[in-house]
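A short write-up of the structure that comes next.
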Amino acid sequence: MAKKGQIKHFAACAIAGMSALSAAAALSSCDISMEKEAGYTEGQLYAVEAEFSKIRIDAKGGIALSISYGGDFSVSYAESEQEKFTFSVEDETLVVVQRRTIGSLLDYKSKALNIVVPAANKIASLTADIEGQIDCTLQGEYGLLSFDVDGDMKGSFSGSADQLTIDCDGTLRFGSKRFAADTGRIDCDGVLKFEVTCNALLDVTCDGTYEGTYYGDCLLEKKGAGVGKITKGE
């Protein structure tokens, strides 16, 4: 692991028949290193290593997000020239920003973003502001999980969270019986389908159509002008 304040550089990989690429990354107040694997025509693959206890994602485009617990801190992603990622670690928060150009609207593809955290660590908070589509896979224990999605969201969760908050303006499909939250708050303006375990409170607001199954002895609150049903599972 690099010492604080050190600036690491992109390391380019040589690919036969193609020229090697190199770049430098100067990231303030963070412990971070990146390696660039060249040879991708539609995107690049990077690896990032740093210590962080919080994650903040601001994505303007489509992402396939995966977060799991493993041996070391690492982040890998694929990008295109039209949909670029930037990374920084500030105050123990991994900040991921994705920006897209007008050209990317004509050739939409979801970009992979894979985050691994040591098994001994618990992410205090994950906040994601998504404009587009997100396909999210979460494993492990978390404090706050918060998603604000202007588009569609599909989630496969396992593990637990103290608080789960999802605000989605499109189609929202997520969850499983294997995921438990102390409190869950879901607000969807489109089509909602979910399965979740809640221990204290489940607050659901939907102005579209919805179908949900919840487990646990929580208080259920339903709001909105939507049509559907929420049932308690066995």
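As a basis for the values below, the full set of heavy atoms in this structure was taken, side chains included, without hydrogen atoms, waters or symmetry mates. The residues of the chain are indexed from 1 along the displayed sequence.
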Stepwise, does the salt bridge (charged side-chain N to carboxylate O under 4.0 Å, His left out) test hold for Asp150 with Lys60?
CA-CA 10 Å; Asp150 184 6; Lys60 301 296 186 290; over 6 Å; no
Over all atoms of both residues, closest heavy-atom pair of [X] and [Y]:
X      : Y      : answer
Cys206 : Gly190 : SG-O, 3.9 Å
Tyr69  : Ile123 : OH-N, 3.1 Å
Arg99  : Asp58  : NH2-OD2, 3.2 Å
Ala124 : Lys54  : CB-CG, 4.2 Å

Decide ring pair (Phe, Tyr, Trp, His ring centres under 6.0 Å) for Phe179 and Phe174; before the verdict, give the C-alpha distance in whole Å, the side-chain angles of both, and the deciding distance to 0.1 Å.
CA-CA 10 Å; Phe179 178 80; Phe174 85 96; 7.7 Å; no
Establish whether [X] and [Y] are linked, either directly or via other cluster members, by ILVMFWY side-chain heavy-atom contacts under 4.5 Å.
X      : Y      : result
Phe52  : Val116 : no
Phe194 : Val191 : no
Leu172 : Ile230 : yes
Phe87  : Ile130 : yes

Is there a side-chain contact between [X] and [Y], using heavy atoms and a 4.5 Å cut-off?
X      : Y      : value
Arg185 : Leu201 : yes
Lys154 : Asp152 : no
Tyr215 : Val196 : no
Thr165 : Asp148 : no
Val89  : Glu51  : no
Val96  : Val75  : no

Using 0.5 Å steps for rounding, measure from the CE atom of Met153 to the CG atom of Asp167.
11.0 Å
Verdict with reasoning, Ile186 to Tyr210, per side chain to side chain contact (heavy atoms under 4.5 Å, CB included):
CA-CA 11 Å; Ile186 305 165; Tyr210 60 90; over 6 Å; no
Applying side chain to side chain contact (heavy atoms under 4.5 Å, CB included) to Leu113 and Ile57, what does each step give before you reach the verdict?
CA-CA 10 Å; Leu113 176 60; Ile57 300 172; 4.1 Å; yes
Looking at Asp207 and Ala225, would you say the former's side chain and the latter's main chain have a donor-acceptor pair under 3.5 Å?
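Confirmed, Asp207 side chain pairs with Ala225 backbone.
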Treating Ser176 as the side-chain partner and Arg178 as the backbone partner, does any N or O pair qualify as donor plus acceptor under 3.5 Å?
yes
Could you check Thr213 against Glu234 for side chain to side chain contact (heavy atoms under 4.5 Å, CB included), going step by step and ending with a plain yes or no?
CA-CA 10 Å; Thr213 302; Glu234 298 295 332; over 6 Å; no
Go through the steps for Tyr142 and Leu164 under the test side chain to side chain contact (heavy atoms under 4.5 Å, CB included), then give the verdict.
CA-CA 9 Å; Tyr142 303 87; Leu164 170 68; over 6 Å; no
I'd like to know whether NZ of Lys122 has more than 12 heavy-atom contacts from other residues, nucleotides or ligands below 6.0 angstrom.
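Buried by this count: over 12 neighbours within 6.0 Å.
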